[in-house]
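So you know, we letter chains A, B, ... as the sequences are listed, proteins then strands, and number each from 1.
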Amino acid sequence: MTIKLQAPRGTQDVLPDAQPYWLAVTTAAKQTTKLHGFQRIDTPVFEDAAVFEKGSGDTTDIVEKEMYTFEDRGGDLLALTPEGTPAICRAYLEHGMASWPQPVRLYTTHQMFRYDRPQKGRYRQHTQIDCEVIGSYDALVDAECIALLWEILQRLNLSEIEVRLGSIDDPGPRRAYIERLKDYYRPHLSRLSEDSQRRFERNPLRLLDSKDDRDLEYKEHAPKLVDQLSDAAAAHHAIVCSALESAGIAYRIDPMLVRGLDYYNRTVFEIVPTDDERAQGTLGGGGRYDGLMEILGGPPTGGMGFGSGIERIILEMQKRGATLQPEAHAEVFIVHRAEGGPAAAFRLASQLRRVGRATIVGESGRSMKSQMRSANASGASFAVILGDDELARGAAIVKDLRDGGEQAEVALDAVAARLAAD
RNA sequence: GCGGGCGUAGCGUAGUGGUUAACGCGUCUGGUUGUGGCCCAGAAGAUCGAGGGUUCGAUCCCCUCCGCUCGCCCCA
């Protein structure tokens with residue numbers, strides 16, 4: 001019978017105590033993207049479902065089993081964004097950004113929704129920092145995006161991180177490679193794990209991602225895509241590598257790196273904590289998506305970007321021992337206990353706010369002790385006390401709460417000026 | 001979708017087959033004459049996740065469900 005209302009599974013409330021972490025991360029993203037010439041964009045929380053069905057690929061897990069799709073009252077089929085890139089690309093096309101100076105560098109922080117089984121670092125609603133560079137095929141842009149995420153994490157004192165870099169070539173050569181890969185695996189198929197047997201049919205690249213003991217031996221000797229790239233992709237990859245080196249960014253070539261989205265080509269990357277083995281430890285990842293615009297009905301347009309999970313970044317910060325304190329609720333706390341006190345307190349509070357001071361008025365009817373306790377708990381630096389005697393002569397007591405508790409009587413009209421923000 | 005752990009006041013925990021379920025933190029109210037932080041006192045706050053079963057009796061034993069959580073798959 002007790003109906004307990006609670007946040008839906010896989011969602012969470014970000015309480016005041018956690019806000020400093022969110023502020024730190026979003027600030028780091030804002031500042032770093034600005035240093036790279038990115039502009040902010042915001043796209044809707046939901047989109048026409050087709051944006052993702054076409055954009056992300058309708059055989060990807062994200063679209064196939066994780067999308068929150070619904071029909072609205074007008075009969076339109078909509079989806080809560082599971083993934084930012086197609087939405088931003090849609091906006092690029094819709095607003096004719098191809099006529100802006102190219103490439104267009106865009107960033108956002110965006111709610112993502114995926115119907116998935118929650119666990120540590122994985123939620124049904126999560127927030128991503130999303131950066132996209134659209135309108136460029138330049139390999140240097142790939143390196144810049146990787147560097148950008150790297151710098152954001154560095155700014156948050158997450159230094160024990162590692163870039164994993166790979167290339168999945170362009171669609172044509174990749175298809176040829178996949179055939180070679182399947183040829184390699186086919187004779188061993190019956191000895192592979194069930195998961196891998198399924199992957200063989202559905203997503204052969206994932207064979208290389210298996211952690212099952214039964215697959216390891218075959219995986220080790222499997223042909224690696226990154227070793228046999230087409231000339232164009234190999235040259236592209238080489239530029240990315242040397243750019244990262246010149247920027248002093250440590251990376252590791254990961255031949256097994258496979259991303260879960262269909263549209264990637266050439267560069268793919270992830271950044272993970274050095275000491276974290278878990279799959280959900282990935283702090284961010286992305287890659288190049290030169291074919292995506294065409295899939296969405298636009299002209300051929302190069303693109304490169306990444307997403308990074310804010311919740312995961314915060315978990316990692318806390319794991320490293322970061323402790324950020326919430327700000328004080330107020331700077332000035334007005335204690336009133338007098339005939340006419342409430343009205344005077346209310347008026348004084350608005351004067352204080354006009355001069356830039358965060359001000360809280362104590363609860364009417366509570367004792368002075370009680371209000372002073374509230375003042376202390378609010379973190380305010382000053383209490384302004386309105387008592388009968390002072391009010392009778394048009395004055396108030398200003399008390400410094402920070403240490404000794406010095407106090408002085410000040411004319412009511414002079415309080416705001418005295419406590420004004422610098 | 002699959003497997004493991006857990007479910008007692010807002011939070012963190014204790015506890016027992018049988019009178020009013022305990023403690024800490026937090027909240028509120030007080031500690032004389034109008035004032036915080038420490039300290040002290042008091043109060044409020046829990047149908048012990050839900051339903052069923054065993055039993056004279058269950059918060060404690062059994063089953064089911066729900067929820068949370070960790071892992072697999074996959075992803076940020």
Side-chain angles (χ1 to χ4, degrees), chain A residues 1-10 12 15 17 25 56 60-66 82-85 109-130 149 193-196 198-199 202-203 206 209-212 258-261 270-272 277-286 306-316 333-339 341 362-363 365-392 396-407:
Chain A
M1 273 312 291
T2 35
I3 300 169
K4 283 190 179 173
L5 291 176
Q6 52 185 318
R9 179 163 225 205
Q12 55 191 327
L15 299 179
D17 279 356
V25 175
S56 307
T60 57
D61 276 7
I62 285 181
V63 170
E64 202 168 57
K65 53 184 203 190
E66 295 176 5
E83 209 248 304
T85 305
T109 52
H110 206 160
Q111 300 298 321
M112 301 294 162
F113 303 86
R114 296 178 195 173
Y115 187 84
D116 203 353
R117 185 79 182 260
Q119 61 179 273
K120 192 175 184 65
R122 193 178 63 199
Y123 310 100
R124 288 185 174 175
Q125 176 180 345
H126 75 276
T127 316
Q128 285 188 20
I129 299 163
D130 195 339
L149 178 52
S193 66
E194 296 76 14
D195 274 343
S196 283
R198 217 169 336 111
R199 292 189 185 106
R202 295 213 41 228
N203 193 351
R206 284 258 163 236
D209 209 29
S210 175
K211 292 166 197 87
D212 194 300
V258 177
R259 313 238 71 236
L261 298 161
E270 289 180 354
I271 296 186
V272 299
E277 304 302 318
R278 292 194 328 258
Q280 332 79 253
T282 304
L283 298 173
F306 67 82
S308 181
I310 293 183
E311 289 84 354
R312 284 190 185 175
I313 292 175
I314 290 173
L315 281 173
E316 192 61 24
F333 194 104
I334 301 177
V335 174
H336 59 96
R337 183 114 179 103
E339 198 71 26
E363 296 285 293
R366 282 200 189 174
S367 69
M368 197 159 272
K369 177 193 283 286
S370 166
Q371 290 186 62
M372 284 302 292
R373 280 177 172 158
S374 297
N376 190 59
S378 76
S381 299
F382 294 95
V384 174
I385 301 167
L386 303 178
D388 284 309
D389 297 347
E390 293 77 26
L391 215 50
I397 289 172
V398 174
K399 177 163 179 165
D400 191 327
L401 295 175
R402 287 168 297 192
D403 33 47
E406 281 179 50
Q407 57 185 62

What is the separation between atom [atom1] on [X] and atom [atom2] on [N], rounded to the nearest whole Å?
X	N	atom1	atom2	value
Leu15(A)	rG10(B)	CG	C1'	11 Å
Arg312(A)	rC74(B)	CZ	C1'	10 Å
Ile271(A)	rA76(B)	CD1	C1'	12 Å
Phe113(A)	rA76(B)	CZ	C1'	14 Å
Glu339(A)	rG34(B)	CD	P	15 Å
Asp17(A)	rG26(B)	CG	P	14 Å
Glu406(A)	rG37(B)	CD	P	19 Å
Glu66(A)	rC74(B)	CD	P	11 Å

Q | From Arg402(A) atom CZ to Phe382(A) atom CZ, the distance as rounded to the nearest 0.5 Å | A |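 Taking CZ in Arg402(A) and CZ in Phe382(A), the distance rounds to 4.0 Å.
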
Looking at NE2 of His336(A) and CD of Glu363(A), how far apart are the two atoms once the value is rounded to the nearest 0.5 Å?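 So the gap between those two atoms works out to 7.5 Å.
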
My understanding is that a pair needs two contacts under 3.5 Å, Watson-Crick or G-U wobble. By that rule, which nucleotide pairs with [N]?
N	value
rC65(B)	rG49(B)
rC74(B)	none
rA43(B)	rU27(B)
rG36(B)	none
rU13(B)	rA22(B)

Classify the nucleic acid contact of [X] as base, sugar-phosphate or nothing, counting any heavy atom under 4.0 Å across all strands shown.
X	value
Asp389(A)	base
Arg402(A)	base
Arg373(A)	base
Tyr123(A)	base
Thr127(A)	nothing
Leu283(A)	sugar-phosphate
Asp388(A)	nothing
Gln371(A)	nothing
Gly387(A)	base

Mapping Arg9(A) and Gln128(A) onto RNA chain B by nearest heavy atom, which one lands closer to the 5' end?
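The answer here is Arg9(A).
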
**Prompt:** If you find the nucleotide of RNA chain B closest to Asp400(A) and the one closest to Gly284(A), which residue's nucleotide is nearer the 5' end?
**Reply:**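 Here Asp400(A) is the residue nearer the 5' end.
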
Give the minimum heavy-atom separation between [X] and [Y], together with the two atoms involved.
X	Y	value
Tyr123(A)	Gly10(A)	CB-O, 3.2 Å
Ile313(A)	Ser308(A)	CD1-OG, 3.4 Å
Met112(A)	Asp130(A)	CE-OD2, 4.3 Å
Pro118(A)	Arg9(A)	CG-CG, 3.7 Å
Ile334(A)	Gln371(A)	O-OE1, 4.0 Å

Any side-chain N or O of [X] below 4.0 angstrom from OP1/OP2 of [N]?
X	N	result
Ser367(A)	rG30(B)	yes
Gln119(A)	rG71(B)	yes
Ser370(A)	rU29(B)	yes

Pairwise [atom1] distance, [M] and [N] [rounded to whole Å]:
N	M	atom1	value
rA22(B)	rU59(B)	P	15 Å
rA46(B)	rU20(B)	C1'	14 Å
rA14(B)	rU8(B)	P	10 Å
rC40(B)	rC23(B)	P	15 Å
rA58(B)	rG1(B)	P	35 Å
rU32(B)	rA44(B)	C1'	25 Å
rG51(B)	rU27(B)	P	33 Å
rC38(B)	rC25(B)	C1'	16 Å

Candidate nucleotides [options], ranked by approach to the side chain of [X] - the nearest:
X	options	result
Gln6(A)	rG36(B), rC68(B), rA76(B)	rC68(B)
Met372(A)	rC74(B), rU35(B), rC28(B)	rU35(B)
Ile397(A)	rC74(B), rG34(B), rC68(B)	rG34(B)
Lys120(A)	rG71(B), rU35(B), rC74(B)	rG71(B)
Arg117(A)	rC2(B), rC39(B), rU35(B)	rC2(B)

Using a distance-only criterion (donor-acceptor N/O pair, under 3.5 Å, no hydrogens), is the base of [N] paired with the side chain of [X]?
X	N	answer
Asn376(A)	rG36(B)	yes
Glu390(A)	rG34(B)	yes
Lys399(A)	rU35(B)	yes

Let's go through Met368(A) and Ile385(A) carefully: what are the C-alpha distance in whole Å and the side-chain angles of both, what is the deciding distance for side chain to side chain contact (heavy atoms under 4.5 Å, CB included) to 0.1 Å, and is it a yes or a no? CA-CA 9 Å; Met368(A) 197 159 272; Ile385(A) 301 167; 3.8 Å; yes

- Between Ile310(A) and His126(A), is a side chain to side chain contact (heavy atoms under 4.5 Å, CB included) present by the stated rule, with each step listed? CA-CA 8 Å; Ile310(A) 293 183; His126(A) 75 276; over 6 Å; no

